[in-house]
There are 2 protein chains.
Amino acid sequence: MNRSEGISVICTVDVVLLTLHGGQLCVVLLKRERPPFQGALALPGGYIHPEQDQDAVDAAARVLLDKTGLASPYLEQLATFSGPGRDPRGWSVSIAYYALVPQELLRRDTTAAQVLPVEGLPVLPFDHGRMVAAAVARVRSKSQYSSLPVHLCPERFTLPQLQAVYEAVLGEPINKVSFRRKVEELDVLEPLPGELEQGRANRPAQLYRLRPQYRRSLSLLERGIGARS
Amino acid sequence: MNRSEGISVICTVDVVLLTLHGGQLCVVLLKRERPPFQGALALPGGYIHPEQDQDAVDAAARVLLDKTGLASPYLEQLATFSGPGRDPRGWSVSIAYYALVPQELLRRDTTAAQVLPVEGLPVLPFDHGRMVAAAVARVRSKSQYSSLPVHLCPERFTLPQLQAVYEAVLGEPINKVSFRRKVEELDVLEPLPGELEQGRANRPAQLYRLRPQYRRSLSLLERGIGARS
DNA sequence: CGAATAGTGTCTGTTAGACATTATCGA
DNA sequence: TCGATAATGTCTAACAGACACTATTCG
């Protein structure tokens, strides 16, 4: 086991950046500026820079900032993909992360970014298709028993809006009474006193925001947020 | 972003091999034969060998076979650990896996292996302590709603034995009636017709085995295996 | 037969979902 | 006042845990 064996492995990070658009879970893809797959749509990604990155998550955050301008979204390690065939440059390892951003934060830079629904994506280069599938599965799974989808909402939002986000992610309707019981149980939201969503021809909804201490962490439930009706 | 940036990263795999011993969840540690940390107890691990490994999980299985003789236990990716400080040889990436084996399969080679309870471990080299903690958390979490602990049982086992395994992993007693209902719901076991556990001064228990199609996969529950009495 | 544990039937408190009712806005 | 949706009260069915009872072995 000599040292040279470690040297020929290419080390990169890729980020599956997810958002909600038109009631659908979407992924942000960028047009690749360099080979391989120059010009193709792919996940934002890049080499680890050992001289500046303290960690792979650092590299993922740097890549995300450089390529999309997003500063500090919810970012979590997904899985690591590896093998001789996934990158034409050689045996490679890519540590994949997923990030969630509210739709509003994306508006700013629409440079070469495409926001596409995760269902019915075109074939993606490398194994980015598998990465997206893994990220979607992870987000769906975690959304069943945690506050994860809150990170797809803007800073201030109503409970009906949040329920619609959960329903879009899970792909099925949720019972309103159960949903509200579970959100209360999660205990991650605080109402903004006196702030109501105005302007519609019905009773205005209370606005909430995520409690600051949950900006980077999740709250979990034992029994899961029920689906159906 | 030139190609040289990928070259200085060391790529390894490590395996958190877990088993049950004396009613406690234990990890298998080996005495390191080479520097760094020569002579210290650490997780089985090693470099990725790009010329022979088709994937990181291949590398993990190879390392496990080479160092412990275990052929094909339940093996799953855990997380990837990285950074400049975790390995004194330089900026490194280690893709960590966890494996579960029944106690019986370990007996064969007790060469330089130590089986230690996961609670109260000594300080481990690299970030192996964090890896063990992450693996234990993952196994506890998955055991709440899946058939994962079955892989800690021998090939033939009784339901009371399986319940004891769940209780050891989760660290709390489980209601017998609920547990049996849940195991039936999981639908991963089949009784061995006519085979009972003999030799004790009570009613003999039915022997079961894992259905072959679940050798490498898990069955999940929506509501979780209840804990408490 | 008695001790011990396997395995099952059944009761009850808790929880999730269905439904109904009230509240509050704009038009 | 009406239409629409928010927010909440309440009923019911499903489920988990508690308890008790039967089954089957050894000594």
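Sequence lines set the chain letters: A, B, ... in the order given, protein chains first and strands last, and positions in each chain run from 1. Source: prediction; values computed, not measured.
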Checklist outcome for this item: Taken to the nearest whole Å, CD/Q161(B) to P/dT5(C) is 14 Å
Next on the checklist: Rounded to whole Å, please give me the gap between CD in E172(A) and P in dG17(C).
Outcome noted: 10 Å
Checklist entry - Just wondering, do L192(A) and R209(A) contact through their side chains at under 4.5 Å, heavy atoms? => result yes
Checklist entry - Atom CD of E167(B) to atom P of dG17(D): distance rounded to whole Å? => result 12 Å
Checklist entry - Under 6.0 Å between ring centres, would you say that holds for Y166(A) and F179(A)? => result yes
Item to check | E76(B) with R138(B): basic N within carboxylate O range, under 4.0 Å | outcome: yes
Checklist entry - Is there a donor N/O on one and an acceptor N/O on the other, under 3.5 Å, for the side chain of K176(B) and the base of dG7(C)? => result yes
Item to check | Q206(A) CD to dC25(C) C1', straight-line distance once rounded to whole Å | outcome: 15 Å
Checklist entry - Looking only at atom types and distance, does a side-chain atom of Q77(B) sit under 3.5 Å from a main-chain N or O of A96(B), one as donor and one as acceptor? => result no
Checklist entry - Is a salt bridge present between E119(B) and R140(B), judged by a nitrogen-to-oxygen distance below 4.0 Å? => result yes
Checklist outcome for this item: Between Y208(A) and P204(B), the residue closer to the 5' end of DNA chain D by nearest nucleotide is Y208(A)
Next on the checklist: Just to be sure I understand the geometry, which residues of residues 178-186 of chain B put a non-hydrogen atom under 4.0 Å away from DNA chain D?
Outcome noted: S178(B), R181(B), K182(B)
Next on the checklist: By nearest heavy atom, map L196(A) and V177(B) onto DNA chain C; which one lands nearer the 5' end?
Outcome noted: V177(B)
Item to check | Gap between atoms CZ and C1', on R200(A) and dG26(C) respectively (whole Å) | outcome: 11 Å
Checklist entry - Taking CD from Q198(A) and P from dT5(D), how many angstroms apart are they, rounded to a whole number? => result 17 Å
Checklist entry - Do side-chain atoms of T19(B) reach the backbone of Q103(B) as a donor and acceptor pair under 3.5 angstrom? => result yes
Item to check | Donor-acceptor under 3.5 Å (K67(B) side chain, G45(B) main chain) | outcome: yes
Checklist entry - Taking OP1 and OP2 of dA16(D), is either one under 4.0 Å from a side-chain nitrogen or oxygen of N175(B)? => result no
Next on the checklist: Under 4.0 Å, counting only non-hydrogen atoms across every strand here, what does E197(B) touch: a base, just sugar-phosphate, or nothing?
Outcome noted: nothing
Next on the checklist: Using the side-chain heavy atoms of R203(B), tell me which of these nucleotides is nearest: dT5(D), dT10(C), dT5(C).
Outcome noted: dT5(C)
Checklist entry - Atom CD of Q163(B) to atom C1' of dG17(D): distance rounded to whole Å? => result 13 Å
Checklist entry - Between R223(B) and dA16(C), is there a side-chain N or O to OP1/OP2 distance below 4.0 Å? => result no
Next on the checklist: Can you tell me which nucleotide in dC25(C), dT8(D), dT24(D) comes closest to the side chain of N202(A)?
Outcome noted: dC25(C)
